Amino acid sequence: MESAGAPTDQRSVRIEKMNTLRDAGILPYAERFEKTHMLAEAKVLADGTKPVRAAGRVIAVRGFGKLTFCHLLDFSGTMQFALQKNKLSGQFELFMKTVDMGDFVGIEGEIITTRTGEKTIDVSSWTFLAKSLRPLPEKFHGLTDQELVYRRRYLDLITSPEHMDRFKKRTQIIRTIRQFLDKNDFMEIDTPVLANKACGALAKPFITHHNALDIDVFLRIAPETYLKRAIAGGFERVYEFARCFRNEGLDASHLPDFTLLEYYCAYWNYEDNMNFTEQLIKHLLATVSGGLTLTYGGTQVSFDGAWPRISFRDLILKDCGIDINTCATKEDLLAQIKAKGIAFEGDVDIAHAGRGNLVDLLYKKVSRPALINPVFVIHHPLDLSPLARKNDANPQVVDRFQLVVNGWEIVNAYSELVDPLDQAQRFEEQARARAHGDLEAMEVDNDFLLCMEYGMPPISGWGMGIDRVVALLTNAPNLRDVVLFPLMRPE
RNA sequence: GCACCAUUAGCUCAGCUGGUAGAGCAACUGACUCUUAAUCAGUAGGUCUCAGGUUCGAAUCCUGAAUGGUGUACCA
């Protein structure tokens, strides 16, 4: 019977239950609990096994008067447990009076199989471990509001096992890559996140301030130039899972902070690197997905067989009939594009794009979307690649490749530029573009140039967007779905 | 950046051309020893995202804002 002043909202009711526990001499937040089994392990034990001690969150309660079935959730999964009044006496009533869905409990009991064939822990004693003051989301639908899924990921993880599995797979993917690199004598090293120059990629950086030094510093947009400094210092194979930051638009395929894996190998060129890339990705697929094909959003992608290698020039020639090698200037190329009747979207800034950027736009328009199965696109225009080595036969292009899958650039790699005089020239060209308003162009990095003047061996370097690879391998529609706690506006 | 859509109970959702707000789960009271989205009977729960406007009357129509989603353009 509800008296006039009794609490009605669920939080107050739960706080009341904590008082009931305290009155019974029980702390609502216990100090520790010793487990013998994860639930996934307990589930495969033979009937009669005891004692089995497990702990987790109560996610379902079905009471039958003197018998109650519950489901417990731990990191390994869920399992049913049963409480019988005639075996527990007062402990049975205490459970019914004080335990809500969402609370943590520890249980000890014996493995049985119920009439409906479900492995169950028949509880002989239980321990209150932690109170939840708020009701969990409804059990059948779980959380469907995308905003709540991102803002309260912990609830999403509790109620959506398939989302929890996706994050477990993320860790497995990273672990698999790390083990593969380690086995091939690469060393994992750490390079600065805070730096004086935002170098290594074409992107707008986040700027912050260091108080003691009283200088503005940049959050890194790529680890590239520091990893190359490490090679100059004598490392021969290095890698880093580098959290990087770019102050640009965010959408389903871009995050403000993301994980970029880069590795550098002395004495390799970009072709050695392509061979290694193919091994690495195939190993990853086989280990994590159990095969060389996957389905992403209804699209079948096959990683089987040798992956084609095709140059920027050949690809564009094949897809729209324009030979970029015969277009020496931006104007020539623009005339060809007009002649072929190819139109870019309205707000693409063609007027300010250089020849290289225009080639890139053309590629993204006519070629890239059709590349579903893995393809190595090679020999990019020089002015798109300020840190890449010129091709010896054709200095208008660089020894670079991108691995394109499902229309996404998954990997970007090249034979590194190690000639300091050439590098200085490239930086100057970037600085000119910057002066003309291109905020993504690089600044001159004299410290990096100095390092290069002391000498670097031949190097091939490589970068891969981990979040995108995880999204591809877990069929996630949005990069936020593979990041536990994505940045949101404050509520 | 632009366009479109969404916002109603803790969660998942109804609510028609404007007429004082509904369900399921969760909660509360009670029944029940094999259920598993348990069932049955009863009870309680609302600043309908926010601010204006139109109207006798607004969850509903109009304007603006906030937050989120999707598409689109650029950057991985």
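Since we're looking at a predicted model, the values are computed, not measured. Numbers restart at 1 for each chain; the letters A, B, ... are given by sequence-line order, proteins then strands.
Donor-acceptor pairing under 3.5 Å is lacking for the side chains of A:E416 and A:Y414. A:D47 and A:T113 share a donor-acceptor pair across their side chains, judged by distance under 3.5 Å alone.
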List the atom pairs, with distances to 0.1 Å, where a side-chain N or O of residues 56-68 of chain A and a protein N or O form a donor-acceptor pair under 3.5 Å, not counting sequence neighbours.
{"unit_1": "A:R57", "atom_1": "NH1", "unit_2": "A:G102", "atom_2": "O", "d": "2.9"}
{"unit_1": "A:R62", "atom_1": "NH2", "unit_2": "A:H71", "atom_2": "ND1", "d": "3.4"}
{"unit_1": "A:R62", "atom_1": "NH2", "unit_2": "A:Q80", "atom_2": "OE1", "d": "2.9"}

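Within 4.0 Å of A:L255, counting heavy atoms only, lies at least one base atom of the nucleic acid. Residue contacts for A:K204: at a heavy-atom cut-off of 4.0 Å it reaches no nucleic acid atom on any strand shown. Looking at heavy-atom distances under 4.0 Å, A:R14 makes no contact with the nucleic acid at all.
Not counting sequence neighbours, A:E443 has no partner by the salt bridge (charged side-chain N to carboxylate O under 4.0 Å, His left out) test. Here A:E278 pairs with A:K282 under the side-chain hydrogen bond (donor to acceptor under 3.5 Å, both in side chains) rule; sequence neighbours left out. In this structure A:F167 satisfies the ring-ring contact (aromatic ring centres under 6.0 Å, His included) test with no other residue, sequence neighbours excluded. With sequence neighbours left out, the side-chain hydrogen bond (donor to acceptor under 3.5 Å, both in side chains) criterion links A:S89 to no other residue. With sequence neighbours excluded, the residues that form a side-chain hydrogen bond (donor to acceptor under 3.5 Å, both in side chains) with A:D74 are A:S76. Under the side chain to side chain contact (heavy atoms under 4.5 Å, CB included) criterion, A:I112 pairs with A:T120, A:D122, not counting sequence neighbours.
Set against B:U67, B:C13, B:G69, the side chain of A:R489 has B:U67 as its closest nucleotide.
A tilted orientation is assigned to the rings of A:Y363 and A:F312, their planes being inclined by 30° to 60°.
Of the residues in residues 463-485 of chain A, those lying under 4.0 Å from RNA chain B by heavy-atom distance are A:R468, A:N478, A:R480. Listed by residue number, the members of residues 398-409 of chain A with any heavy atom below 4.0 angstrom from RNA chain B are A:E409.
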Could I get a table of every N or O pair under 3.5 Å where one atom is in the protein and the other is in nucleotides 3-9 of chain B?
none

Find every protein N or O atom lying less than 3.5 Å from an N or O atom of nucleotides 32-37 of chain B, and list the pairs.
{"unit_1": "B:C32", "atom_1": "N3", "unit_2": "A:G65", "atom_2": "N", "d": "3.4"}
{"unit_1": "B:C32", "atom_1": "N4", "unit_2": "A:G65", "atom_2": "N", "d": "3.4"}
{"unit_1": "B:U33", "atom_1": "OP2", "unit_2": "A:F64", "atom_2": "O", "d": "2.9"}
{"unit_1": "B:U33", "atom_1": "OP2", "unit_2": "A:K66", "atom_2": "N", "d": "3.1"}
{"unit_1": "B:U33", "atom_1": "O2", "unit_2": "A:Q84", "atom_2": "OE1", "d": "3.3"}
{"unit_1": "B:U33", "atom_1": "N3", "unit_2": "A:Q84", "atom_2": "OE1", "d": "3.3"}
{"unit_1": "B:U33", "atom_1": "O4", "unit_2": "A:N86", "atom_2": "OD1", "d": "3.2"}
{"unit_1": "B:U33", "atom_1": "O4", "unit_2": "A:N86", "atom_2": "ND2", "d": "2.2"}
{"unit_1": "B:C34", "atom_1": "O2", "unit_2": "A:R115", "atom_2": "N", "d": "3.1"}
{"unit_1": "B:U35", "atom_1": "O2", "unit_2": "A:R62", "atom_2": "NE", "d": "2.8"}
{"unit_1": "B:U35", "atom_1": "O2", "unit_2": "A:R62", "atom_2": "NH2", "d": "3.0"}
{"unit_1": "B:U35", "atom_1": "O2", "unit_2": "A:Q80", "atom_2": "OE1", "d": "3.4"}
{"unit_1": "B:U35", "atom_1": "N3", "unit_2": "A:Q80", "atom_2": "OE1", "d": "2.8"}
{"unit_1": "B:U35", "atom_1": "N3", "unit_2": "A:Q80", "atom_2": "NE2", "d": "3.2"}
{"unit_1": "B:U35", "atom_1": "O4", "unit_2": "A:Q80", "atom_2": "NE2", "d": "2.8"}
{"unit_1": "B:U35", "atom_1": "O4", "unit_2": "A:T114", "atom_2": "OG1", "d": "2.8"}
{"unit_1": "B:U35", "atom_1": "O4", "unit_2": "A:T116", "atom_2": "OG1", "d": "3.1"}
{"unit_1": "B:U36", "atom_1": "O4'", "unit_2": "A:R62", "atom_2": "NE", "d": "3.0"}
{"unit_1": "B:U36", "atom_1": "O2", "unit_2": "A:E118", "atom_2": "OE1", "d": "2.8"}
{"unit_1": "B:U36", "atom_1": "N3", "unit_2": "A:E118", "atom_2": "OE1", "d": "2.5"}
{"unit_1": "B:U36", "atom_1": "O4", "unit_2": "A:T116", "atom_2": "OG1", "d": "2.0"}

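Under the 4.0 Å criterion applied to side-chain N and carboxylate O atoms, A:R220 and A:E240 are assigned as salt-bridge partners.
The CZ atom of A:R151 sits 14.5 Å away from the CG atom of A:D156 when rounded to the nearest 0.5 Å.
Both A:L136 and A:M488 lie near RNA chain B, and the one whose nearest nucleotide falls closer to the 5' end is A:L136.
Residues A:L133 and A:I15 form a side-chain contact, since some pair of their non-hydrogen atoms from C-beta on lies under 4.5 Å apart.
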As a check on the pairing definition, encode RNA chain B in dot-bracket form, counting Watson-Crick and G-U wobble pairs whose two distances are under 3.5 Å, and using | for partners outside this strand. (((((((..((((.....[..)))).(((((.......))))).....(((((..]....))))))))))))....
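A donor N or O paired with an acceptor N or O is not found under 3.5 Å between the base of B:C74 and the side-chain atoms of A:D360.
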